[in-house]
Protein chains: 2
Amino acid sequence: MSTIEHEIQQQHFSSHKQKAILNIIFTANWLRSQQLQLFKSYGISPEQFNVLRILRGQKGKAIGVNGIQERMLDKNSNASRLVDKLIEKQFVERKSCANDRRQVEVFITNKGLSLLAELDEQIMAADDKYIQLDAAESELLNTLLDKLRT
Amino acid sequence: MSTIEHEIQQQHFSSHKQKAILNIIFTANWLRSQQLQLFKSYGISPEQFNVLRILRGQKGKAIGVNGIQERMLDKNSNASRLVDKLIEKQFVERKSCANDRRQVEVFITNKGLSLLAELDEQIMAADDKYIQLDAAESELLNTLLDKLRT
DNA sequence: CAAATATATATGTATATACATTTATTGTGC
DNA sequence: GCACAATAAATGTATATACATATATATTTG
């Protein structure tokens with residue numbers, strides 16, 4: 001019994017669409033909670049982890065704070081400060097850009113890559129375990145979410 | 001083109017499931033962003049709005065801070081402080097409980113009900129407009145999300 | 001009944017988001 | 001070239017979450 005009705009103790013919704021909105025928000029919070037413990041044990045937040053993955057995805061190619069922001073899951077986040085936190089922990093480096101001195105170029109360090117290699121694997125293993133969807137259902141879910149935002 | 005691939009500029013995902021996780025989190029943030037402007041014009045946050053709706057749902061029946069927390073979309077939120085903010089704005093009242101003096105009973109005021117009546121209608125109208133799912137698709141989405149968390 | 005335990009709520013602190021503003025630099029029109 | 005707008009990033013401040021701890025009251029147990 002993990003219906004949204006049960007989870008938020010609400011029996012009536014004005015429409016399936018309104019219910020879906022609450023369900024998406026609730027499920028996103030639930031997902032975050034599931035992952036938090038693991039993140040915490042590595043001294044990093046889900047948002048910082050997201051930034052690290054973006055940087056790894058660059059494969060050494062230069063990216064600025066703006067580029068990170070555009071690729072983030074939350075477009076209203078504040079990449080500048082997240083990068084600060086990651087620099088403190090030596091997971092990323094900041095280099096000033098020669099061509100355009102307004103820009104900075106952000107790179108993931110070897111220490112950052114090591115962390116990701118380990119944490120990423122554990123997060124994915126955990127996800128696979130507690131997310132009760134098969135590939136076809138996941139694909140359908142992606143289709144619906146993409147359509148929702150069209 | 002509002003596929004998640006495009007939105008976060010990432011072409012490769014390790015599985016449909018992993019992609020779905022990012023899609024849910026991204027979509028929840030997107031939904032929040034869509035609603036924020038409207039909330040802001042009424043001097044309230046989405047989380048405070050959620051608390052007000054919970055209180056309205058009580059139809060005058062007493063509920064404590066704990067009960068609010070259990071019904072919230074984010075179980076890790078902090079109902080106590082959200083109630084504080086709502087009291088400042090006179091949208092809710094706090095009464096000490098006679099039977100159990102540890103508890104407080106929280107009620108929505110007429111001012112709070114008026115706000116909800118107006119804002120709720122506008123939020124739902126806006127949602128209907130920018131959420132591109134029909135009732136059947138919404139129902140399917142709810143089924144998938146409920147299953148995911150099983 | 002007193003001491004220990006449990007419960008309801010509040011509070012302290014670190015992190016993150018929302019949004020306006022600031023600072024530094026670059027590009028453009030005249 | 002210079003004033004002015006545009007851009008990249010950083011910063012200030014309010015709100016919210018995550019989690020540990022504190023405070024008050026209630027319940028249980030010896």
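Hydrogens, waters and symmetry mates play no part in the numbers below; they use all other heavy atoms, side chains included. Below, chains carry the letters A, B, ... as their sequence lines are ordered, and counting in each starts from 1.
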task = Send over the distance from B/Asp100 CG to D/dT23 P, rounded to a whole Å.
result = 20 Å
Quiz item: A/Arg102 side-chain donor-acceptor pair to D/dT7 base, under 3.5 Å = yes
key: B/Lys85, nearest nucleotide to its side chain (from D/dA18, C/dC19, D/dT15)   = D/dT15
ask   = Which atoms form the tightest heavy-atom contact between B/Leu116 and B/Leu52, and what is the distance?
value = CD1-O, 3.6 Å
query = Taking only side-chain nitrogens and oxygens of A/Gln103, does any of them come within less than 4.0 Å of OP1 or OP2 of C/dT26?
reply = no
note = Residues of residues 51-63 of chain A with a heavy atom under 4.0 Å from any atom of DNA chain D, listed by number, are none
ask   = Just one of A/Leu133, A/Thr3, A/Ile4, A/Leu31 clears the side-chain contact (heavy atoms from CB on, under 4.5 Å) bar with B/Arg149, so which one?
value = A/Ile4
Considering only distance and modelled atom types, tabulate donor-acceptor pairs under 3.5 Å from the side chains of residues 90-99 of chain A, sequence neighbours left out.
from, atom 1, to, atom 2, distance (Å)
A/Arg94, NH1, A/Asp84, OD1, 3.2
A/Arg94, NH2, A/Asp84, OD1, 3.0

request  = Let me know the distance between CG of A/Asn50 and P of C/dT15, rounded to the nearest Å.
outcome  = 18 Å
inquiry  = For a quick test of reading the model: is some side-chain N or O of B/Lys75 closer than 4.0 Å to OP1 or OP2 of D/dT17?
reply    = no
ask   = Between D/dT15, C/dC19, D/dA10, which nucleotide gets closest to the side-chain atoms of A/Arg94?
value = D/dA10
Scan the side chains in residues 41-49 of chain A for donor-acceptor partners under 3.5 Å anywhere in the protein, sequence neighbours excluded, and list what turns up.
from, atom 1, to, atom 2, distance (Å)
A/Ser41, OG, A/Leu38, O, 2.7
A/Tyr42, OH, A/Glu118, OE2, 3.1
A/Tyr42, OH, A/Gln122, NE2, 2.5
A/Ser45, OG, A/Glu47, OE1, 3.4
A/Ser45, OG, A/Gln48, N, 3.1
A/Glu47, OE2, A/Arg32, NH1, 2.4
A/Gln48, OE1, A/Lys89, NZ, 2.6

task = Assign B/Asp74 to base, sugar-phosphate, or nothing according to its heavy-atom contacts below 4.0 angstrom with the strands shown.
result = sugar-phosphate
task = Ignoring backbone atoms, establish whether B/Arg101 has a side-chain N or O less than 4.0 Å from OP1 or OP2 of D/dT23.
result = no
ask   = Are any side-chain N or O atoms of A/Gln58 and backbone N or O atoms of A/Gly60, one a donor and one an acceptor, separated by less than 3.5 Å?
value = no
query = Given C/dA18, is OP1 or OP2 found less than 4.0 Å from the side-chain N or O atoms of A/Asn76?
reply = yes
message = Check this one for me: any side-chain N or O of A/Arg32 less than 4.0 Å away from OP1 or OP2 of D/dA16?
response = no
inquiry  = For the residue pair B/Asn23 / B/Glu7, report whether a side-chain donor-acceptor contact shorter than 3.5 Å exists.
reply    = no
message = Tell me whether the side-chain N/O atoms of A/Ser45 come closer than 4.0 Å to OP1 or OP2 in C/dT15.
response = no
inquiry  = Please confirm whether the shortest side-chain N or O distance from B/Ser77 to OP1 or OP2 of D/dA16 is below 4.0 Å.
reply    = no
message = Using only atom types and a distance under 3.5 Å, with no angle test, would you say the side chain of B/Asn142 pairs donor to acceptor with the backbone of A/His16?
response = yes
request  = Examine distances only and state if a side-chain atom of A/Asn50 and a backbone atom of A/Met72 form a donor-acceptor pair shorter than 3.5 Å.
outcome  = no
note = Assert: residue with more 5' nearest nucleotide on DNA chain C, out of A/Asn99 and B/Gln37, is B/Gln37
Euclidean distance, atom CZ of residue B/Arg81 to atom P of C/dT9 [Å, nearest integer] = 15 Å
ask   = Hey, is the side chain of B/Asn66 poking within less than 4.0 Å of OP1 or OP2 on C/dA8, counting only N and O atoms?
value = yes
note = Out of D/dA9, C/dA20, C/dT17, minimum distance to the side chain of A/Leu82 belongs to C/dT17
key: Protein-nucleotide distance (B/Ile68, atom CD1; D/dT17, atom P), rounded to Å   = 13 Å
task = Return no unless some side-chain N or O of B/Gln69 is found under 4.0 Å from OP1 or OP2 of C/dT9.
result = no
